[in-house]
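Scroll down for the structure; my scribbles are underneath it.
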Amino acid sequence: GSGRPEMPPPKWYASSMPLGTADDKFYLSELQCLLREDFVEVFGTTEMEIDLPHQGRNKPIALGQVGLRCKYCNDLPACVRANHAIIYPTYMSGIYNA
C-alpha cells in the first residue's frame, strides 16, 4: 500500500444538497424558488453537528437526521449564526414553515 492508513468509506448522511428541485417553478413563486435553490440546503447530521446548540429543540438530534440550513451560515461558528440558521423540522409540513 501507500503507507497511509485506509480512510473509512464516506457516510451517506455526511453530505448536503440544495432544497430546490426542477419542479419548484410549477408550484412556487419565483422568490421561493430562488431561496430554495440558492440559500437553503438539506443535509444529514454528522457527529460534529449533534453537539451544537439547537434553539427551540426539546428532543435530541439523531445521527443522520435530516435538517435544513442556510448554506452561507454553515461555515460560521455557531455563536455568530443567525437564529434558526439550522433547523430540524419534526414533520414534512414543517419544511414549508422553515
Side-chain angles (χ1 to χ4, degrees):
S2 64
R4 293 180 297 182
E6 197 170 317
M7 296 297 292
K11 297 182 173 97
W12 63 268
Y13 52 80
S15 65
S16 62
M17 62 185 286
L19 178 61
T21 68
D23 288 343
D24 284 352
K25 63 186 173 201
F26 300 116
Y27 307 103
L28 302 172
S29 72
E30 190 174 332
L31 176 59
Q32 289 170 318
C33 291
L34 174 74
L35 293 172
R36 288 169 56 103
E37 185 60 36
D38 294 335
F39 290 88
V40 181
E41 63 184 10
V42 179
F43 71 99
T45 303
T46 64
E47 291 91 346
M48 288 177 34
E49 294 154 332
I50 286 178
D51 295 328
L52 294 175
H54 298 287
Q55 197 169 24
R57 290 288 304 182
N58 51 9
K59 291 190 227 175
I61 305 301
L63 188 62
Q65 184 171 344
V66 175
L68 302 173
R69 65 183 171 207
C70 167
K71 74 179 189 180
Y72 298 102
C73 299
N74 183 38
D75 294 327
L76 296 175
C79 62
V80 298
R81 286 185 194 151
N83 287 342
H84 306 291
I86 298 176
I87 62 159
Y88 296 90
T90 305
Y91 303 102
M92 291 293 284
S93 60
I95 293 173
Y96 182 81
N97 295 327

Checklist entry - Does Arg81 have any side chain to side chain donor-acceptor pair (under 3.5 Å) partners at least two apart in sequence or in another chain, and if so, which? => result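 Side chain to side chain donor-acceptor pair (under 3.5 Å) check on Arg81 returns nothing, list empty.
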
Item to check | Co-membership, hydrophobic cluster, residues Leu76 and Ile86, 4.5 Å side-chain | outcome: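 No: no chain of side-chain contacts under 4.5 Å links Leu76 to Ile86.
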
Hey, could you give me the [atom1]/[atom2] distance between [X] and [Y], rounded to the nearest 0.5 Å?
X	Y	atom1	atom2	value
Cys73	Phe39	SG	CZ	10.5 Å
Leu35	Leu28	CG	CG	10.0 Å
Ser16	Asn74	OG	CG	7.0 Å

Next on the checklist: Under 4.0 Å between a side-chain nitrogen and a carboxylate oxygen: does that hold for Glu41 and Lys71?
Outcome noted: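 The answer is no: the pair does not qualify as a salt bridge.
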
Next on the checklist: Are Arg69 and Val40 packed together at the side-chain level, in the sense that at least one heavy-atom pair is separated by less than 4.5 angstrom?
Outcome noted: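 They are not in side-chain contact.
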
Item to check | Of all pairs that satisfy salt bridge (charged side-chain N to carboxylate O under 4.0 Å, His left out), the ones with a partner from residues 23-35, not counting sequence neighbours | outcome: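 Non-adjacent pairs meeting salt bridge (charged side-chain N to carboxylate O under 4.0 Å, His left out): Asp24-Arg36.
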
Over all heavy atoms of both residues, which pair between [X] and [Y] is shortest? Give the atoms and the distance, please.
X	Y	result
Leu19	Val42	CD1-CG2, 3.5 Å
Val66	Tyr88	O-CD2, 3.6 Å
Phe43	Leu68	CE2-N, 3.6 Å

Item to check | Short side-chain to backbone donor-acceptor contact, Gln32 and Ser29, under 3.5 Å | outcome: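 Between the backbone of Ser29 and the side chain of Gln32 there is a qualifying donor-acceptor contact (under 3.5 Å).
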
